[in-house]
Participant: 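Have a look at this one before I ask anything.
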2 protein chains.
Amino acid sequence: MALPNRPVATSSETEAALFDLVDVYDRAYETAAAELSLSPAQACVLGRLDERRGMGALAEELGCDASNITQIVARLEALGLVTREPNPRDRRARLVARTPRGDEVNHRFATAFTFARTAVGRLSPDEQDQLTALLRKALG
Amino acid sequence: MALPNRPVATSSETEAALFDLVDVYDRAYETAAAELSLSPAQACVLGRLDERRGMGALAEELGCDASNITQIVARLEALGLVTREPNPRDRRARLVARTPRGDEVNHRFATAFTFARTAVGRLSPDEQDQLTALLRKALG
DNA sequence: CAATAATGCTTGAGCCACTCAAGTAAACAA
DNA sequence: TTGTTTACTTGAGTGGCTCAAGCATTATTG
């Protein structure tokens, strides 16, 4: 289990609530991935392949080095969850796509990661709107 | 930069706002640590040493294996930010404590990690109370 | 009190994420 | 055609993380 990204000093109640939220969220994500024998990074990449796309597009969207994606995709491929096909338009590039098994695992992950759904579900529609507005304002 | 713990499908506006919050928070934490040449895990452990304490206590609080703490503390020690003294009451145990340099780096980290402070600061006191209440309710 | 068990931590092996530098091949430009 | 940019891979290196095994030391218990 990854260590929390959370300072111990909580200068306000609101900050403390944010810390708790992030902590619980991250752990829930990790747990859901682990139930499917995936790392968080693998679950993340798998979830971005609703349409086939190039390695570079993944790296850019996820804000990491291309070689990082190469390795994660290689492991997903070894697990049979993803294929790496040549791009007919550009023979340098590869198109990554989920296999049927990848689709199924991704769907099971989305089902297993209930945290956000559950948390939002504890609020009334009005409260949900309030929370959304407050978070958007806080995010600037 | 760590890949986001974030599903791509956003079934509601509120969930999307939660995703954004967690994403921005985690990246801010990582960035603040990196400015001090610390990993997020190192910053996390350093931040829990306001008082000297044993390895086991750290492992339990952070919910990870003791050997993980052994390694992180060893690196912090190599950086001169932490000491590992023998526990006079129990010669099996070690007491971890920040050095003066560790105190300074920890303080600089707390200063550099402005995200939560800044975000909360964008809200009025009333809004802060509302957000706290909503988050607490959502967390169950 | 001696044998046994439990505790606190370390070590070693192994996997994965991540980054950087260097390399290959194909596309593009001058 | 030559040179450059693009898309990706490879290799080396650092860390985080877990599990199994090991070593002291402390606690238990028969």
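Lettering follows sequence order; numbering is per chain, from 1.
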Participant: With heavy atoms under 4.0 Å as the rule, sort A:Gln42 into base, sugar-phosphate or nothing.
Facilitator: sugar-phosphate
Participant: Quick one: is C:dA17 close enough that its OP1 or OP2 comes under 4.0 Å of any side-chain N or O from A:Arg75?
Facilitator: yes
Participant: Within the 3.5 Å criterion, strictly below it, is a donor on A:Thr132 or B:Thr14 matched to an acceptor on the partner's side chain?
Facilitator: yes
Participant: Side chains of A:Ser67 and A:Asp65: do they bring a donor and an acceptor to under 3.5 Å?
Facilitator: yes
Participant: Under 4.0 Å between a side-chain N or O of B:Thr70 and OP1 or OP2 of C:dT10?
Facilitator: yes
Participant: Looking only at the side chain of B:Arg92 (C-beta and beyond, no hydrogens), which of the listed nucleotides D:dT9, C:dC18, C:dG8 gets closest?
Facilitator: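 That would be C:dG8.
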Participant: Could you tell me if the side chain of B:Phe115 sits less than 4.5 Å from the side chain of A:Leu139, heavy atoms only?
Facilitator: yes
Participant: Hey, is A:Arg108 close enough to A:Glu35 for a salt bridge, meaning N to O under 4.0 Å?
Facilitator: no
Participant: Would you classify A:Ala74 as touching base, sugar-phosphate or nothing, given that sugar-phosphate means primed atoms plus P, OP1 and OP2, and contacts are heavy atoms under 4.0 Å?
Facilitator: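 If one applies the 4.0 Å heavy-atom cut-off, A:Ala74 turns out to touch nothing in the nucleic acid.
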Participant: Base, sugar-phosphate, or nothing for B:Ser39, non-hydrogen atoms under 4.0 angstrom?
Facilitator: sugar-phosphate
Participant: Select one nucleotide: of D:dC19, D:dC17, C:dG8, the one nearest the side-chain heavy atoms of B:Ile72.
Facilitator: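 Of D:dC19, D:dC17, C:dG8, D:dC17 is nearest to the side chain of B:Ile72.
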Participant: Find the distance A:Asn68:CG to D:dT14:P and express it as a whole number of Å.
Facilitator: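 Interatomic distance, CG of A:Asn68 to P of D:dT14: 18 Å.
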Participant: With a non-hydrogen cut-off below 4.0 angstrom, is A:Asp65 in contact with a base, only sugar-phosphate, or nothing?
Facilitator: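 Answer is base: heavy atoms of A:Asp65 come under 4.0 Å of a base.
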